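To keep things clear, I will list the structure first and then write my remarks on it.
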Amino acid sequence: MITRDTQSDPTKAVNAVAELTHKEHVHAIWGPLNSGESLAATPLIARAGIPQLDSGSVDTLIDVEKYPLAFRNSWSNQQVGLAANHYVLDVLKLKKVAVVSDTTGYGAASIAGYVPMLKAKGADVVYAGSADASNPDLKPELMRMQSAGAQVIMPWSVNAGFLARIINTRSQMGWDVPVAGQTTLGSGQTKELLDKPEYWAKVYSSNFLPCCYDANGKLPPRTAAFVDRLRSAKIDMGDTLLWWIALGYDGPRMIADAVKHAGSTPKQIAGYWNALKAWPGVNGDISFTPKEHNGYPDNEIVMVQANSFRDGAFSLAPGYNT
């Protein structure tokens, strides 16, 4: 397994892909690991004719006509947005929504995708805007949301600092509205940047059933066995989200399974993946067809309580019905 650290930089990702495909002559690529990098790198991987397993969520990364060898073993923006919008509008019964993102490729795609989805469900999107993730003062943005009558803030960013500043500012303003959106809202990195632990109340993040606790505080058997193996190997999970660790375990294993059972040519790897049905990943049950390369099941995408974070996993959000 040959690895390259692209440092979340699309230019470095493009250079790494060129090296992996033309110098190392790899048989398959897992990654890049965020959507901004993948938007730049996926067309190059496709032109090289290399099978790609992608963990980025931007919808346009997967297109069987443009990128016939690109498969996604995580979820798409569309799927996560549907789950979050369902929770806000149908469970919390809130209609006046503020949507905010950072200015990355992921953030821009999220705003463009989620605002029309909310409106189609009957939401009143009273604020939709983007801000630089490094902006130290987000109070003007939140004051505009408050003045517009927002009942909930839906932020879309993978930047823990940006998300923590939204949560801190909301609480400092004494504005008691829920915050619901991206998975990083519930990360240990976000928690560490909060001014007070209680600021994490009424924060709901996207997550995934295999990495959630049941009513008895137990993980599903497959996930629990995986966590036990990590602990036995003395691997420190720290404050990392469990689904990220599981995704990192599942991706290379899906490639290894394809090579083991079918062979290592692009046709053999893609052919194996095209026939997968409920492949038992730790992070989810993955299925592909020749015409559908989004593999994550809709019914395993849920919303959780950020402040229930423990060992990388969460309890389901209040009132949430899987």
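None of these values were measured; they are calculated from a predicted model.
The two residues Gly56 and Arg72 make their nearest non-hydrogen contact at O-NH1, 2.7 Å. Here the closest heavy-atom approach between residue Leu242 and residue Leu219 is recorded as CD2-CD1, 4.1 Å. In terms of heavy atoms, Lys66 sits closest to Ala46 at O-CB, 4.4 Å. Of all heavy-atom pairs between Trp273 and Leu53, the closest is CH2-CB, 4.1 Å. The two residues Tyr204 and Pro178 make their nearest non-hydrogen contact at CE1-CB, 4.0 Å. Contact between Ser157 and Leu163 at its shortest, heavy atoms only, is O-CD1, 3.4 Å.
Looking at Thr104 and Asp102, their side chains do bring a donor and an acceptor atom within 3.5 Å of each other. If you check the side chains of Ser35 and Ser38, you find no donor sitting under 3.5 Å from an acceptor. In this model, a donor atom of one side chain and an acceptor atom of the other lie less than 3.5 Å apart for Gln52 and Thr42. Using modelled atom types, one finds a donor on one side chain and an acceptor on the other under 3.5 Å when comparing His293 with Asn274. For the residue pair Thr265 and Gln268, a side-chain donor N or O sits within less than 3.5 Å of a side-chain acceptor on the partner. Side-chain N/O atoms of Ser76 and Asn294 include no donor and acceptor closer than 3.5 Å. With no hydrogens or angles considered, a side-chain donor-acceptor pair links Asp257 and Trp279 at under 3.5 Å.
At least one cation-pi condition fails for Arg170 and Tyr199: the charged atom is not both under 6.0 angstrom from the six-membered ring centre and inside a 45 degree cone around its axis.
Glu141 pairs with exactly one of Val100, Asn135, Ile153 by the side chain to side chain contact (heavy atoms under 4.5 Å, CB included) rule, that one being Asn135. Checking Met154, Met303, Gln151 one by one against Val88, the side chain to side chain contact (heavy atoms under 4.5 Å, CB included) holds for a single residue, Met154.
Ring geometry for Trp243 against Phe208 counts as perpendicular: the plane angle is over 60°, on a 0 to 90° scale with 30° as the lower cut. By the 30° and 60° cut-offs, the orientation of the rings of His261 relative to Tyr272 is parallel. Ring geometry for Tyr296 versus Trp75: interplanar angle over 60°, hence perpendicular rather than tilted (30 to 60°).
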